[in-house]
K.L.:
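I'd like to ask you about the structure that follows.
In what follows, every chain begins at residue 1, and chains take the letters A, B, ... in the order their sequences are listed. This structure is a prediction, so every number in the text was calculated from the model and none was measured. Keep in mind that the numbers below use all heavy atoms, side chains included, and drop hydrogens, waters and symmetry copies.
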Protein chains: 2
Amino acid sequence: MGNVKMKDVAKRAGVSVATVSYVINNTKNVLPETRERVIRALTELDYRPNSIAKSLRQKMTNTIGVIISDASNPYFTSMFRGIDDVFTKLGYQLIVCSSDEKPEKERKYLELLSQKQVDGIILAPTGGNRNYINDLLRSGLPMIFIDRYLEDVKIPAVVVDNTEASYQATQHLINMGHRRIGIIVGLKDISSTKERLNGYEAALKANGIPLDPELIKSGYSNTLEGYKAMLELLNLPSRPTAVFGTNNLMTIGLMQALQNNHVKCPEEIAVVGFDDFEWATAFRPFLTTVAQPTYELGKTAAEMLLKSREEEIKVTRVILHCQFMIRESCGCLLPHSQTQLS
Amino acid sequence: MGNVKMKDVAKRAGVSVATVSYVINNTKNVLPETRERVIRALTELDYRPNSIAKSLRQKMTNTIGVIISDASNPYFTSMFRGIDDVFTKLGYQLIVCSSDEKPEKERKYLELLSQKQVDGIILAPTGGNRNYINDLLRSGLPMIFIDRYLEDVKIPAVVVDNTEASYQATQHLINMGHRRIGIIVGLKDISSTKERLNGYEAALKANGIPLDPELIKSGYSNTLEGYKAMLELLNLPSRPTAVFGTNNLMTIGLMQALQNNHVKCPEEIAVVGFDDFEWATAFRPFLTTVAQPTYELGKTAAEMLLKSREEEIKVTRVILHCQFMIRESCGCLLPHSQTQLS
DNA sequence: TTGTAGGCGTTATCAC
DNA sequence: GTGATAACGCCTACAA
């Protein structure tokens, strides 16, 4: 009743363990009648294979590790779905870990996952652990970067066109007549943050608007930091007339700050956010957002990981495109219109 | 460079594998100088333990399985955080699976997890697989129910006071003068759904309001189903003046339906939702919600799972309390007030 | 204090 | 078509 093994099944069926294995895995021809006997023993004893033993023998765990910054962030959970859908079909399982943007936690999880002999890792790198990541690669562990990448680490990466998307969002605000545009970004040593900042700065420059460092606020990507950043912007001697929240959680915090201080959006301040929410069209103001193809991001990364286990992969960066969802929060009067970024 | 094992380390350090094991696990006294030698060999060779082999030997994987209905639902991700925080500290890892409320998927994951020899499972049951779950229990696999439970399966469960919370929310709407109150619920064979429905019905009854089956809409817990349900309610000959969305995703869908049809909330229809959102205070109308202690739910379940591995657990149900967050969407004029459910 | 050796439950390579 | 049996990498009596 406790734990029945192949040995027990073999005894019951009057065959050898090898034969049991053959039947279970369909790995060799077995006489129909012996197979019959084995199957009966299997069900009678309620045999359940031990995949740990199997993994040890085959050096394959059918497990994929995923390290992202915050497993409870809707942005990542959608990505997670994309990854999961690909791997579940193939009988793989996912171990998801949150690094919280902390290199030490990331390091710990990388160690744990490699010890657990995962067959591959999908990683949104914090920016640290370059050497260790290279070590793991050399030891033959396949990895894919997602959402961001490390300049000097040669792993395929699946990301979005952050610079262009950010440029377009900023340009749109400029088109609406804004010249003092605040921006709230995540940690600055993350590639996606840098790119979003670049797009913002490029748009300003292209329009002859001087860059004001006071309008740039950075912090961990959570609501509280977004809230505080917005407060600082509101307290500026010359308050911005528009804000660009470059990730979902900070944008929520930003909006909370506006509500708490009774600053009307978009009348008093225009807002554009990153990451589209399902509830962006359920509550007011409808939020104008840069919608990332989060599900596809995950799906693509998963597929690349699979491919990279077969052939050496040549392409090192896949760039997916964002969609600019223009709604009322940016002061535009065309609700629900949308344009595809070129 | 590929994979160095204890054997290699032993050879390099001029000791036996046993000694290497002793050093690594601090499991026996070793002469300082031999320990020194071993440690040097360990680092020089960049040894990384194979936890699959370890697991096979020790019959412990340091892995916990979590099966919930939708890993991308914010409600569950917060719960997940609570679970993760408990187990991460102890060096455990989590495998999270989405059953999507489908018994077949749930079954598949239960099989997979038990084969992977997880040390325990936290499960939000779909309602099916009673026999199989009992089998697993008998085989000695510790399990805890979370969010819901199965009447006839004797496992500890961590849930919230659904009936009371639902009663209170409904009573509040009645107090505001509503008598035609719609309710949108999830799948009806889930214990939490039943309880929420019970609370609603009890409140109506207590106030002498007849139950109108047309006002009850049920479906999968996602935005689309919530949207459709609300549409049906709006198209009723005699439209309700208030709606109770009994889970987060359906409530979002419900709100989208109101927005799309230009039905003003709370002026034309009052709304109360289940599950508090961070953005409930960032966008209008501020949503009145029944806030579940999601993080604590996860944390408690995790702690109970740990405990259940030591002692036979007596208590079979832990009930956590919800908080009623009264905001403007229910037509109340006291934004941000809140009361603790008794 | 250290080493030897058996075993964890499979799979895979040989023989037969 | 089937059956012994040696791995897989580690832990742990037990012996030395």
K.L.:
Which whole-number value in Å describes the distance from A:Lys7 NZ to D:dA4 C1'?
P.N.:
13 Å
K.L.:
Do A:Tyr295 and A:Asp85 have a side chain donor and acceptor closer than 3.5 Å?
P.N.:
yes
K.L.:
Output every pair passing side chain to side chain donor-acceptor pair (under 3.5 Å) with a member in residues 16-28 of chain A, not counting sequence neighbours, ordered by first then second residue.
P.N.:
A:Ser16-A:Thr19, A:Ser21-A:Asn25, A:Asn26-A:Arg35
K.L.:
D:dT2, C:dG3, C:dG9: which one has an atom nearest the side-chain heavy atoms of B:Leu56?
P.N.:
C:dG9
K.L.:
Can you give me the closest heavy-atom contact between A:Phe87 and A:Leu305, atom names plus distance?
P.N.:
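Smallest interatomic distance, heavy atoms only, reads CZ-CD2, 3.9 Å.
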K.L.:
Does one side chain, of B:Thr61 or B:Asp119, offer a donor that lies under 3.5 Å from an acceptor on the other?
P.N.:
yes
K.L.:
Please state how far atom CG in B:Asn3 lies from atom C1' in D:dA7, giving the value in whole angstrom units.
P.N.:
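It works out to 16 Å between those atoms.
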K.L.:
Answer with base, sugar-phosphate or nothing: what part of the nucleic acid does A:Thr34 contact at a heavy-atom distance below 4.0 Å?
P.N.:
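Sugar-phosphate contact only - A:Thr34 comes under 4.0 Å of backbone atoms but never of a base.
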K.L.:
In whole angstrom, what separates B:Leu45's CG from D:dG9's C1'?
P.N.:
16 Å
K.L.:
Take the protein atom CD of A:Gln115 and the nucleotide atom C1' of D:dC10, then report the distance between them rounded to whole Å.
P.N.:
13 Å
K.L.:
Is there a donor-acceptor contact under 3.5 Å linking the side chains of A:Tyr75 and A:Asp147?
P.N.:
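Looking only at side-chain atoms, A:Asp147 and A:Tyr75 do form a donor-acceptor pair, the distance falling under 3.5 Å.
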K.L.:
Output a table of donor-acceptor pairs, distance under 3.5 Å, between side-chain atoms of residues 121-130 of chain B and any protein atom two or more places apart or on a different chain; print 'none' if there are none.
P.N.:
unit_1: B:Thr126; atom_1: OG1; unit_2: B:Glu106; atom_2: OE1; d: 2.8
unit_1: B:Thr126; atom_1: OG1; unit_2: B:Gly128; atom_2: N; d: 3.3
unit_1: B:Asn129; atom_1: ND2; unit_2: B:Pro103; atom_2: O; d: 2.9
unit_1: B:Asn129; atom_1: ND2; unit_2: B:Glu106; atom_2: OE1; d: 2.8
unit_1: B:Arg130; atom_1: NE; unit_2: B:Asp152; atom_2: OD1; d: 2.8
unit_1: B:Arg130; atom_1: NE; unit_2: B:Asp152; atom_2: OD2; d: 3.1
unit_1: B:Arg130; atom_1: NH1; unit_2: B:Gly127; atom_2: O; d: 2.4

K.L.:
Taking the nucleotide of DNA chain C with the closest heavy atom to each, which residue, B:Asn29 or B:Lys59, is nearer the 5' end?
P.N.:
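Taking each residue's closest nucleotide, the earlier one in sequence belongs to B:Asn29.
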K.L.:
Please report how far the helix from C:dT1-D:dA16 to C:dC16-D:dG1 bends, comparing the axis fitted to its first five pairs with the axis fitted to its last five, to the nearest 10 degrees.
P.N.:
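Both end axes considered, the difference amounts to 40°.
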K.L.:
Provide, to the nearest angstrom, the distance between the CD1 atom belonging to B:Ile52 and the C1' atom belonging to C:dG9.
P.N.:
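Spelled out: CD1 on B:Ile52 to C1' on C:dG9 is 13 Å.
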K.L.:
OP1 or OP2 of C:dT2 less than 4.0 angstrom from a side-chain nitrogen or oxygen of B:Thr19, does that happen here?
P.N.:
no
K.L.:
Restricting to non-hydrogen atoms, name the atom on A:Ser191 and the atom on A:Arg148 that form the minimum distance, rounded to 0.1 Å.
P.N.:
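Reported closest heavy-atom pair: OG-CB, 3.1 Å.
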K.L.:
Could you give the CZ-to-P distance, from B:Arg48 to D:dC10, as a whole number of Å?
P.N.:
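It is 12 Å, rounded to the nearest whole Å.
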K.L.:
C:dG3 C1' sits how many Å from B:Arg37 CZ, rounded?
P.N.:
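Distance, rounded to whole Å: 13 Å.
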K.L.:
Give the B/S/- string for nucleotides 11-16 of chain C, one per nucleotide from 5' to 3', where a protein heavy atom under 4.0 Å of the base yields B, of only the sugar-phosphate yields S, and otherwise -.
P.N.:
BBBB--
K.L.:
Between atom CG in A:Asn50 and atom P in C:dG9, what is the gap in whole Å?
P.N.:
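My rounded result for the distance is 7 Å.
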K.L.:
Considering residues at least two apart in sequence or located in another chain, which fulfil the side-chain contact (heavy atoms from CB on, under 4.5 Å) criterion with A:Glu44?
P.N.:
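A:Glu44: side-chain contact (heavy atoms from CB on, under 4.5 Å) contacts with A:Arg12, A:Arg40.
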K.L.:
If the condition is salt bridge (charged side-chain N to carboxylate O under 4.0 Å, His left out), which residues does A:Glu111 pass it with, not counting sequence neighbours?
P.N.:
A:Arg107
